[in-house]
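Got a structure for you, written out below as structure tokens; questions coming shortly.
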Amino acid sequence: MKNPFVSEIAAQVAPLTGLSPAEIEYALTVPPDAALGDYAFPCFLPAKTLRRKPADIAADLAAKFQPGALVTAARAEGPYANFFADRPAFARWILSRARAEGDRFGGSDEGVGKTVIVEFSSPNIAKHLGVHHIRSTMIGNALVKIYGALGYKVVSINFLGDWGTQFGILMAAFRKWGDATTLEGDAVSNLNALYVRYNAAAKEDPALRDEGRAWFKRLEDGDSEAVALWQQFRQISLAEFEKVYELLGVRFDVLSGESQYDRHMPQTIERLEKAGLARLDQGALIVDLSAQKMPPVLLRKSDGATLYDTRDVAAAEDRWNTYRFARMIYVVGGEQQLHFRQIFTVLGLMGYPWSKDCFHVHFGILRLGGEKMSGRQGKVVMLRDVLREAVERALKAVTEKNPALPNKEEIAAAVGIGAVVFNDLKRGRIKDVDFDWDAVLSFEGETGPYVQYAHARMCSILRKHGLPVADAPDWTLLREPEEFALLKALSVFNAAIRRAADANEPSVISQYLLDLCGRFSTYYHKHKVLGEDPALTAARIALVDAVRQTVANGLALLGMKAPEEM
RNA sequence: GCGCCCGUAGCUCAGUUGGAUAGAGCGGCGGUUUCCUAAACCGCAGGCCACAGGUUCAAAUCCUGUCGGGCGUGCCA
């Protein structure tokens, strides 16, 4: 979003410093205290080429500055040249913009014509979604919305872990102990119990692992019994996943999975061989990456079955052929960093220039009581249980605080799930987190409900006001410093979205919302919006409506609901 | 051993490409409700930004090393 105030400063400063306007805009900062000014140019940069002291340059810039309608004054403060924006003009600019753009405010069209692929969630079938799945699922979902807001065409892909030796193990376990009742009721739990039991037994009897591998080989070879079993497991799992995605409000454009690429294996391996990359080693087919100082990639095991590396290469090729993406993002845990570095390297060696447009967006581990969650050992907290508990607590809170609300269940769902989602998205995705029920279910402080509450309060004010929001109230009436702080915060929403996309980091949005809502909370405690003076009220209502719109847009980017009452 | 990631207040974390006095929340202490929903707000206490060097006019931020923690490291994904 082009900021005319910044442009004006850059246009005036550039000729005096020998820097280009773009360089000035880039270098402009915000003073630590609003009393110092609204924008600041640190004069260290041109000091060397101009061979003058930064403080002298600052004084010179301030003296030569021509006040205008947008930027009214410049003052030197040590090595900084500080600039003051005309507040009514600033209010008119950002508020009418927010009003005109509505639910598109903050976005842009910089991505129009480009496609971004986001692969996320990607659970393994025959298991429940654990709390840890919320990480990939909601980070990915947020990235889909963030890129979408910037005009990109986004393709969201759920790439199921529905192929591999583990399903051989599951089949072996099912054949050993399972029956028709296993697939009834809470079938996923039943299957998982068998899987856990089998893995435990395999520790005593290694022959069981071989049996599992053999079953996977049968599946890959198209054995009808194996395929039928696998299809049942997959269907049962998908139905279970769908319930949770529904609660979270997550949808995928493409439901894919590793199984889909099994048939691509021969051609992909052939291309790798033709490129002179594949070679046999100890009976297995590998790509040697010692030149890149990485361990080799295993393409095919000595028993002939393929591995996920190979399937990921095939899937990447297929996606390029289908979408011609500008960027492809894999939202997968940090444990797989080596895997993706290897895959991207192999794609590069295969001669695909787009390998540089592939990104592994990794995130930290979610631990349970200090230990990593393990499906194999059955040590997981189920995501559905966390969500259910959060909604229950939210319902209790709504009932206590606002007993008259008619649609409490709906609001409790929005707030409870919002709490869980925001808790996951509020910190940098790289951080490891230890799962903490109290933190996840907290509705106070830096939480989702805090942001939603601020939004509900703004809606409440607008509701009470009852009149339409004025397009052009008297902007000069917005004189309070807290009002200008809000206006400035609104003016950087677009920058926050761009930063979130650049870094593939949804927490930029969460942090922005906490800051914005904090400013709003301070404001409405200190100043009354609905007052006796209709002109002042109209101006403040316009401000509140723009903040409300911005918070709603931000919550949508995180995949959260914005209830109007709570 | 090697590779990657992390180390900021008692706890959990912010801190745009290096820039003006390092900020929040929780917890602790003290306040605010005849006033637009107290899921909120205000104030106080609390920091050798792991440690040691280096680069720079300027380092929590960049480089090197040390220590501490995590993840990964050929037939799982």
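The analysis underlying the following values was restricted to heavy atoms, covering all of them including side chains, and did not include hydrogens, waters or symmetry mates. Every chain is numbered from 1 and lettered A, B, ... according to where its sequence line falls, protein lines coming before strand lines.
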Categorize A:Lys528 for me: base, sugar-phosphate, or nothing, with a 4.0 angstrom heavy-atom threshold over every strand shown. base

What is the separation between atom CZ on A:Phe422 and atom P on B:U12, rounded to the nearest whole Å?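 Result: 19 Å.
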
NA contact type, A:Lys431, heavy-atom cut-off 4.0 Å: base, sugar-phosphate, or nothing? sugar-phosphate

At less than 4.0 Å, is any side-chain N or O atom of A:Ser460 found next to OP1 or OP2 of B:U37? Yes or no.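 Affirmative; the distance criterion is met.
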
Nearest-Å distance, CD1 (A:Ile417) to P (B:A39)?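 For the pair A:Ile417 CD1 and B:A39 P, the rounded distance is 21 Å.
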
Students often get this wrong, so: under 4.0 angstrom with heavy atoms, is A:Arg393 touching a base, only sugar-phosphate, or nothing?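 A:Arg393: no heavy atom of the nucleic acid under 4.0 Å.
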
Sequence neighbours excluded, which residues qualify as side chain to side chain contact (heavy atoms under 4.5 Å, CB included) partners of A:Leu514? A:Phe422, A:Glu446, A:Tyr450, A:Val451, A:Gln511

Protein proximity profile, nucleotides 41-47 of chain B - base contact B, sugar-phosphate-only contact S, no contact -, cut-off 4.0 Å on heavy atoms: SS-----

Look at all strands and tell whether A:Arg311 reaches a base, only sugar-phosphate, or nothing, counting heavy atoms closer than 4.0 Å.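 The residue A:Arg311 makes sugar-phosphate contact but no base contact.
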
Looking across every strand, which nucleic acid part, if any, lies under 4.0 Å from A:Asp436 by heavy atom: base, sugar-phosphate, or nothing? nothing

Out of B:G70, B:C13, B:A40, whichever nucleotide has its closest atom nearest the side chain of A:Arg367: B:G70

Between B:G74, B:C4, B:U37, spot the one nearest the side chain of A:Ala284, thanks. B:G74

Taking any heavy-atom pair under 4.0 Å as a contact, classify A:Val544: base, sugar-phosphate, or nothing.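 Nothing, no heavy atom under 4.0 Å.
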
What does A:Ile430 touch in the nucleic acid at a heavy-atom separation under 4.0 angstrom: a base, only the sugar-phosphate, or nothing?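 It contacts sugar-phosphate atoms only.
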
Are OP1 or OP2 of B:C76 and a side-chain N or O of A:Arg213 less than 4.0 angstrom apart?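 For B:C76, OP1/OP2 do have a side-chain N/O of A:Arg213 under 4.0 Å.
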
Value in whole Å for how far the C1' atom of B:G74 lies from CG of A:Asp303: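 To the nearest whole Å, that distance equals 14 Å.
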
Tell me what A:Val398 touches on the nucleic acid: a base, only sugar-phosphate, or nothing, going by heavy atoms under 4.0 Å.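 Contact class for A:Val398: base.
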
Base, sugar-phosphate alone, or nothing: which one does A:Asp432 contact when heavy atoms must sit under 4.0 Å apart?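 Sugar-phosphate contact only.
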
Give the rounded distance in Å between these two atoms: NE2 of A:His339 and P of B:C75.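 Computing the A:His339:NE2 to B:C75:P distance gives 15 Å.
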
From CD1 of A:Ile509 across to P of B:A14 the rounded distance in Å is 15 Å

Apply the test ring-ring contact (aromatic ring centres under 6.0 Å, His included) to residues A:Tyr330 and A:Phe344: give CA-CA distance (whole Å), side-chain angles for both, the deciding distance (0.1 Å), then the verdict. CA-CA 11 Å; A:Tyr330 296 84; A:Phe344 300 160; 5.8 Å; yes

Between B:U37, B:A77, B:G74, which nucleotide gets closest to the side-chain atoms of A:Tyr308?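 Taking heavy atoms from C-beta onward, the closest nucleotide is B:A77.
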
Please name all residues satisfying side chain to side chain contact (heavy atoms under 4.5 Å, CB included) with A:Ser507, sequence neighbours left out, ordered by chain then number. A:Glu505, A:Ser510

With respect to the side chain of A:Gln282, which nucleotide from B:A77, B:G74, B:C36 is positioned closest? B:G74

Identify each donor-acceptor pair in which a side-chain atom of residues 454-461 of chain A lies under 3.5 Å from a protein atom, sequence neighbours left out, and give them as a table.
unit_1   : atom_1 : unit_2   : atom_2 : d
A:His455 : ND1    : A:Pro563 : O      : 3.0
A:Arg457 : NH1    : A:Tyr453 : OH     : 2.8
A:Arg457 : NH1    : A:Tyr524 : OH     : 3.1

Sugar-phosphate only, base, or nothing, as touched by A:Arg457 at under 4.0 Å among non-hydrogen atoms: base

What does A:Ile365 touch in the nucleic acid at a heavy-atom separation under 4.0 angstrom: a base, only the sugar-phosphate, or nothing? sugar-phosphate

Distances for protein N or O near nucleotides 20-30 of chain B N or O, under 3.5 Å:
unit_1 : atom_1 : unit_2   : atom_2 : d
B:A20  : N6     : A:Asn82  : OD1    : 3.0
B:A20  : N1     : A:Asn82  : OD1    : 3.4
B:A20  : N1     : A:Asn82  : ND2    : 3.3
B:A24  : O2'    : A:Glu446 : OE2    : 2.6
B:G25  : O4'    : A:Glu446 : OE2    : 3.4
B:G25  : O2'    : A:Glu446 : N      : 3.3

NA contact type, A:Gly428, heavy-atom cut-off 4.0 Å: base, sugar-phosphate, or nothing?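 Since only primed, P, OP1 and OP2 atoms lie under 4.0 Å of A:Gly428, the category is sugar-phosphate.
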
So, OP1 or OP2 of B:C76: does either fall under 4.0 Å of a side-chain N or O from A:Lys301? yes

Could you give the CG-to-C1' distance, from A:Leu338 to B:C4, as a whole number of Å?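 Result: 9 Å.
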
With heavy atoms under 4.0 Å as the rule, sort A:Met566 into base, sugar-phosphate or nothing.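 If one applies the 4.0 Å heavy-atom cut-off, A:Met566 turns out to touch a base.
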
Runs of at least three consecutive pairs that involve RNA chain B, where pairs are Watson-Crick or G-U with distances under 3.5 Å: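 The stems are B:1-7 with B:67-73, B:10-13 with B:23-26, B:28-32 with B:40-44, B:50-54 with B:62-66.
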
Send over the distance from A:His465 NE2 to B:U37 P, rounded to a whole Å. 15 Å

A:His527 near the nucleic acid: base, sugar-phosphate alone, or nothing, with a heavy-atom cut-off under 4.0 Å?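 Here A:His527 touches the bases of the nucleic acid.
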
